[in-house]
Amino acid sequence: MIDKDLPIADVKTMQQLLAESTSGRRFNTLLLTVFAVVALVLAIVGIYGVMSYTVTQRIHEIGIRVAIGAHRATCSSW
């Protein structure tokens, strides 16, 4: 039997109970999302850097070919 004269302690709504029970998972998901975004940004910056370096290395070659009159149709390596 329940004593109706006992005080009720730690009263919480269902939303508060649900928020407390899922807070750990929510934090882990947020942390994983942040790391995924950082990894994506690093990958994009890395690919951009490699492409930029490759184009920079070929700028002189392309300039020389254009200077001696090569056309885009005759240069299959462009």
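The structure presented is a predicted model; accordingly, all values stated were derived computationally and were not measured.
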If we ignore hydrogens and angles and just use 3.5 Å, is the side chain of Q16 paired with the main-chain N or O of T13 as donor and acceptor?
yes
Drop me the distance from [X]'s [atom1] to [Y]'s [atom2], to the nearest 0.5 angstrom.
| X | Y | atom1 | atom2 | result |
| --- | --- | --- | --- | --- |
| I62 | R65 | CD1 | CZ | 8.0 Å |
| S52 | I47 | OG | CD1 | 13.5 Å |
| L40 | T33 | CG | OG1 | 12.0 Å |

Can you spot which of T29, T22, N28 makes a side-chain contact (heavy atoms from CB on, under 4.5 Å) with R26?
T22
M51, L42: one ILVMFWY side-chain cluster at the under-4.5 Å cut-off?
no
Does CD belonging to Q15 count more than 12 external heavy atoms closer than 6.0 Å?
no
